[in-house]
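So you know, we letter chains A, B, ... as the sequences are listed, proteins then strands, and number each from 1.
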Number of protein chains: 2
Amino acid sequence: MMQKPARERKRGSGAQYVYEILREEILDLVLAPGSPIDENQLAERLEMSRTPIREALVRLAGEGLVTPLPNRSTVVANIDFFNLHTFFDALTLMYRVTTRLAGEYHTPADLELIRARQEDFARAVENQDALAMIATNREFHAAIAEAGRNPYFTGLFCRLLDEDQRILRLYYSSFNDQLPKRYVAEHEQMIAAIEARDINACDRLALAHADQIVSQIQSMISRGVMRTVPLD
Amino acid sequence: MMQKPARERKRGSGAQYVYEILREEILDLVLAPGSPIDENQLAERLEMSRTPIREALVRLAGEGLVTPLPNRSTVVANIDFFNLHTFFDALTLMYRVTTRLAGEYHTPADLELIRARQEDFARAVENQDALAMIATNREFHAAIAEAGRNPYFTGLFCRLLDEDQRILRLYYSSFNDQLPKRYVAEHEQMIAAIEARDINACDRLALAHADQIVSQIQSMISRGVMRTVPLD
DNA sequence: TGTATAATTATTGTCGACAAGATTGTTGGC
DNA sequence: GCCAACAATCTTGTCGACAATAATTATACA
């Protein structure tokens with residue numbers, strides 16, 4: 001028997017919809033790291049059966065955003081503070097590689113998009129909106145990666161940016177210092193290097209930018225300005 | 001109503017089982033790139049319902065081994081010969097990074113495992129068994145990556161090695177030249193560099209090794225020794 | 001005979017149901 | 001009063017069923 005659809009959903013959009021909702025809630029820390037995900041409860045909330053929900057969970061597990069415990073509930077992936085250095089290594093390398101490749105392969109249309117993202121970021125900094133800074137910074141670097149045209153690198157990089165976003169959200173209350181303005185300037189330099197197709201400059205600037213971000217996160221952690229309770 | 005299980009499978013192993021079977025058949029080209037995967041047929045062959053099969057397909061799609069066409073059948077992922085350079089770029093970088101990190105972080109136990117894998121590879125070369133060479137070479141480099149202890153890099157690297165395996169299998173008939181012996185020697189040098197924790201040597205050797213492999217694949221392609229019909 | 005449209009079939013996406021296993025609560029023994 | 005065995009409950013993994021969509025075949029008309 002057919003279950004009443006809450007709104008007239010199109011066929012095939014169910015699992016996709018659940019995937020997007022869950023992904024967003026995980027990245028925004030609406031769902032706290034480590035908290036269990038109740039399939040039945042979700043099915044009730046989103047007014048569909050467990051099948052598309054399970055499909056979304058399998059996909060999220062593949063991206064490491066969720067950890068399925070066999071015969072036990074699936075939980076939101078924890079942030080591994082003990083192995084952050086592996087995260088920093090990977091993030092730094094991907095910053096460098098994607099920016100280099102952008103310098104090599106970008107088109108005028110790519111540059112336009114990158115500039116638009118940079119404007120979004122600058123506006124967020126102007127408004128001192130920490131949450132918007134996190135999101136727009138992510139989009140800026142994702143746009144650069146896209147211009148590099150290497151799906152293997154963009155895939156890994158976007159995963160790392162996802163994790164970065166979760167970490168930054170944990171600490172975002174201390175995001176209103178003088179650093180963001182420096183990031184705006186560094187972004188501008190990166191754009192210039194990409195446009196000039198100066199690969200060495202791209203690499204150097206991306207490395208410096210990554211080091212900035214890494215040391216900011218490390219300082220946030222050591223100062224212990226962690227949000228203890230997630231949004232909810 | 002319960003369907004008869006062909007063999008007494010343990011609960012929770014169904015989807016995992018299908019995933020492993022399909023993954024192996026895709027990497028071994030038993031399932032040709034581009035060929036459609038029939039859920040009903042698979043369900044009949046593996047004697048289970050479509051649910052665990054769909055879960056396996058979703059997982060494989062996440063790893064890029066399979067491409068789901070919306071409201072149409074899922075197909076085995078094609079090999080993109082037009083963008084091979086992005087693949088080579090990523091493979092080369094991951095060879096370098098994982099070998100470097102192995103030089104930095106390996107333990108004696110890691111080295112032991114790497115040496116065992118190298119012996120497997122040498123034996124395959126000795127026997128002129130091209131299929132075994134492909135498999136053991138993969139395991140050798142995966143072991144090095146594991147010693148580097150960075151799950152982000154090992155994750156991407158293993159995906160690349162999977163794709164590499166599919167490409168090599170396409171051309172494996174031309175794998176019985178003088179090159180494999182050179183690979184054995186290069187592997188030995190890499191092991192020595194890792195053991196000596198000589199990061200620069202690790203990087204240099206991995207780069208040279210990667211270049212070898214890339215140019216071998218390119219020459220295979222240009223010489224057009226492609227298998228036209230997959231194993232089946 | 002060729003093309004456009006309608007009927008038929010096949011396949012996918014989603015559903016409710018149910019059993020195996022895990023979790024929690026209860027009772028009883030020491 | 002604390003721990004162990006058992007019972008009750010909840011959750012997950014899998015199943016068969018069914019409707020919506022795509023593919024295929026049949027049919028009508030130019």
Between [X] ([atom1]) and [N] ([atom2]), how many Å, whole number?
| X | N | atom1 | atom2 | answer |
| --- | --- | --- | --- | --- |
| B/Arg59 | D/dG13 | CZ | P | 11 Å |
| B/Gln41 | C/dT12 | CD | C1' | 15 Å |
| A/Glu39 | C/dC15 | CD | C1' | 15 Å |
| A/Glu47 | C/dG16 | CD | P | 12 Å |
| A/Gln16 | C/dT14 | CD | P | 10 Å |
| B/Asn40 | D/dA17 | CG | P | 13 Å |
| B/Met48 | C/dC18 | CE | P | 22 Å |
| B/Ile37 | C/dT12 | CD1 | P | 10 Å |

**Asked** Side-chain N or O of A/Arg72 less than 4.0 angstrom from OP1 or OP2 on C/dT23?
**Response** yes
**Message:** I need the full list of side chain to side chain donor-acceptor pair (under 3.5 Å) pairs touching residues 150-160 of chain A, with sequence neighbours left out, sorted by first then second residue.
**Reply:** A/Tyr152-B/Glu163
**Fill in**
Residues at least two apart in sequence or cross-chain that pass salt bridge (Lys or Arg N to Asp or Glu O under 4.0 Å) with B/Arg166, listed by chain then number, are none
**Contact check, side chains of B/Ile26 and B/Asp162, non-hydrogen atoms, under 4.5 Å** = no
**Prompt:** Who are the ring-ring contact (aromatic ring centres under 6.0 Å, His included) partners of A/Tyr95, not counting sequence neighbours?
**Reply:** A/His141, A/Phe157, A/His209
**Request:** For A/Asp38, answer base if it contacts any base atom (sugar-phosphate contacts may also be present), sugar-phosphate if it contacts only those atoms, and nothing otherwise; contact means non-hydrogen atoms under 4.0 Å.
**Result:** sugar-phosphate
**Prompt:** Minimum heavy-atom separation for B/Ala124 to B/Thr136, with atom names?
**Reply:** CB-OG1, 4.0 Å
Taking only distance into account, with no hydrogens and no angle test, what donor-acceptor pairs under 3.5 Å do side-chain atoms of residues 76-92 of chain A form with protein atoms, sequence neighbours excluded?
from, atom 1, to, atom 2, distance (Å)
A/Asp80, OD1, A/Phe82, N, 3.1
A/Asp80, OD1, A/Asn83, N, 3.4
A/Thr86, OG1, A/Asn83, O, 2.8
A/Thr92, OG1, A/Phe88, O, 2.8

**Asked** Between D/dG16, C/dC15, D/dA22, which one does the side chain of B/Asn71 approach most closely?
**Response** D/dA22
**Item:** Members of residues 50-58 of chain A that approach DNA chain C, where some heavy atom sits under 4.0 Å away
**Value:** A/Arg50, A/Thr51, A/Pro52
Under 3.5 Å, side-chain donor or acceptor atoms of residues 109-120 of chain A against the rest of the protein: list the pairs with distances, not counting sequence neighbours.
from, atom 1, to, atom 2, distance (Å)
A/Asp110, OD1, A/Arg149, NH2, 3.3
A/Asp110, OD2, A/Thr107, N, 2.9
A/Asp110, OD2, A/Thr107, OG1, 3.1
A/Asp110, OD2, A/Arg149, NH1, 2.8
A/Asp110, OD2, A/Arg149, NH2, 3.3
A/Arg115, NH2, A/Glu195, OE1, 2.8
A/Gln118, OE1, A/His187, ND1, 3.0
A/Gln118, NE2, A/Val184, O, 3.2
A/Gln118, NE2, A/Glu188, OE2, 3.2
A/Asp120, OD1, A/Arg123, NH2, 2.9

